[in-house]
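Here is the structure we will look at.
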Amino acid sequence: MWALVDDSNNITNVYGEFPSRITINNRNYDKAELNAMSDSEKLAIKIYPVTAATQLNNNYYISNDPTYAVSGDKVVETITKSADRKLADEDAKDEEGNQLYEEDGTTKRINYGLKTNAKNKATTQANGLLQGFDWLIQRKVTAETAIPSAVITYMASIRTDHGNICTAIDGASDMTAFIALHNDTYKTVDGKQVVDVVARVNRWTTDANVKSYRR
């Protein structure tokens, strides 16, 4: 990333990549010529390298537009947080603050928060983990063939996992607590960082004992 700086040290343009042509001090430079220049040659015509900011996690935060400032022989990008994304559900309203409704005219439209979305994801995951055993349930209903006890135990464990995950999500008091539910913790083993505890939202009972029954 590069920035064009004028003689008063004001940043006039920031480029992720150079356009086909830039005019600097009444001279045209094409993209190939600019890309072929060394950093010192770019600096000589007031094109400074940009030190990119660390991006905020868009899953959790709303970012302000980046800002740029000259610092010595480079330009520094800064990205700040505008707001946290909403954890809780909110009524959907228009710009005047009026409630929005679904097409039936009576059901309120809802802007779902991160907690609801996370619980819905957990439900989808739980269903996906269980659906491979549907054939055993159908066989039980139609042929009275017993479901293996290991499968019954596993399915019950997945339902318990789902409940625990949703309880943990509901219990997150703020964004920091909510994010923590999505992060593994690590420990050092033989000088290497390895996962110690899997993130709560990803912690499901292993299917090692029942894989052979999946279809």
Side-chain angles (χ1 to χ4, degrees), residues 1-88 90 92-97 100 109 111-118 120-121 124-125 128 172 174-202:
M1 191 155 53
W2 301 91
L4 179 61
V5 180
D6 66 18
D7 291 336
S8 300
N9 254 18
N10 298 311
I11 299 165
T12 59
N13 275 298
V14 176
Y15 308 104
E17 61 177 50
F18 291 121
S20 58
R21 178 176 295 183
I22 300 176
T23 301
I24 303 173
N25 294 329
N26 297 319
R27 180 185 165 183
N28 293 326
Y29 297 83
D30 64 33
K31 183 175 183 177
E33 182 180 10
L34 291 168
N35 284 329
M37 286 182 176
S38 66
D39 288 356
S40 59
E41 289 173 325
K42 291 186 182 78
L43 283 172
I45 59 172
K46 305 289 281 186
I47 294 178
Y48 289 24
V50 176
T51 301
T54 299
Q55 299 288 320
L56 300 180
N57 191 323
N58 188 54
N59 292 323
Y60 308 121
Y61 306 112
I62 300 169
S63 300
N64 289 310
D65 291 335
T67 59
Y68 300 89
V70 176
S71 177
D73 59 357
K74 62 184 177 183
V75 168
V76 177
E77 179 185 54
T78 299
I79 297 177
T80 58
K81 182 178 74 172
S82 172
D84 291 349
R85 296 196 179 277
K86 300 292 184 180
L87 289 175
E90 291 184 335
K93 297 182 179 180
D94 62 21
E95 294 180 355
E96 284 74 40
L100 298 176
R109 189 173 299 174
N111 291 328
Y112 293 110
L114 295 183
K115 287 187 176 184
T116 292
N117 290 335
N120 288 342
K121 180 179 178 181
T124 298
Q125 290 176 312
D174 55 25
M175 184 61 75
T176 299
F178 181 79
I179 292 173
L181 298 176
H182 293 75
N183 291 336
D184 298 338
T185 59
Y186 293 83
K187 62 182 179 182
T188 302
V189 176
D190 296 331
K192 297 180 180 180
Q193 289 290 297
V194 297
V195 174
D196 182 21
V197 179
V198 174
R200 174 64 274 190
V201 298
N202 297 324

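Here the structure is a predicted model, which is why all the values come from computation and not from measurement.
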If you take all heavy atoms of [X] and [Y], which pair is closest and at what distance?
X: K46; Y: D6; answer: CE-O, 3.3 Å
X: Y60; Y: L114; answer: CD2-CD1, 4.2 Å
X: E41; Y: M37; answer: OE1-CA, 3.3 Å
X: A177; Y: D174; answer: N-OD1, 2.9 Å
X: N59; Y: R85; answer: O-CD, 3.6 Å

Mind checking whether Y112 and N120 have side chains closer than 4.5 Å, heavy atoms only? no
If only atom types and distance count, is the side chain of [X] paired as donor or acceptor with the main-chain N or O of [Y] below 3.5 Å?
X: T78; Y: T67; value: no
X: K42; Y: P49; value: no
X: D30; Y: R21; value: no
X: K115; Y: A172; value: yes

Within a reach of under 6.0 Å around NZ of K74, are more than 12 heavy atoms found that belong to other residues, nucleotides or ligands? no
Just wondering, are more than 12 heavy atoms of other shown residues or ligands nearer than 6.0 Å to CD in E96?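 Enclosed.
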Step-by-step side chain to side chain contact (heavy atoms under 4.5 Å, CB included) determination, Y186 to V195: CA-CA 4 Å; Y186 293 83; V195 174; 3.6 Å; yes
Taking atom [atom1] of [X] and atom [atom2] of [Y], what is their separation to the nearest 0.5 Å?
X: E90; Y: R109; atom1: CD; atom2: CZ; result: 15.0 Å
X: I22; Y: I47; atom1: CD1; atom2: CD1; result: 5.0 Å
X: N111; Y: T116; atom1: CG; atom2: OG1; result: 11.0 Å

Only counting residues at least two apart or in another chain, list the ones meeting ring-ring contact (aromatic ring centres under 6.0 Å, His included) with Y29. none
Identify the residue among [options] that makes a side-chain contact (heavy atoms from CB on, under 4.5 Å) with [X].
X: V5; options: N13, V70, N10; answer: V70
X: I45; options: N25, I24, L4; answer: I24
X: P66; options: V14, V50, I79; answer: I79

Side chain to side chain donor-acceptor pair (under 3.5 Å) between T51 and E77, worked out: CA-CA 6 Å; T51 301; E77 179 185 54; over 6 Å; no
Should T80 and N64 be marked as a side chain to side chain donor-acceptor pair (under 3.5 Å) after you check the CA-CA gap, both sets of side-chain angles, and the distance that decides it? CA-CA 6 Å; T80 58; N64 289 310; 2.9 Å; yes
Please evaluate residues N202 and H182 with respect to the criterion side chain to side chain contact (heavy atoms under 4.5 Å, CB included), reporting the C-alpha separation (whole Å), side-chain torsions for both, the decisive distance (0.1 Å), and the verdict. CA-CA 7 Å; N202 297 324; H182 293 75; over 6 Å; no
Side chain to side chain contact (heavy atoms under 4.5 Å, CB included) evaluation trace for Y15 with L34: CA-CA 12 Å; Y15 308 104; L34 291 168; over 6 Å; no
Would you sort out whether Y68 and V76 count as a side chain to side chain contact (heavy atoms under 4.5 Å, CB included), showing the intermediate values? CA-CA 6 Å; Y68 300 89; V76 177; over 6 Å; no
side-chain hydrogen bond (donor to acceptor under 3.5 Å, both in side chains) partners of D7, counting only residues at least two apart: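 Scan of D7 (side-chain hydrogen bond (donor to acceptor under 3.5 Å, both in side chains), adjacent residues dropped) gives none.
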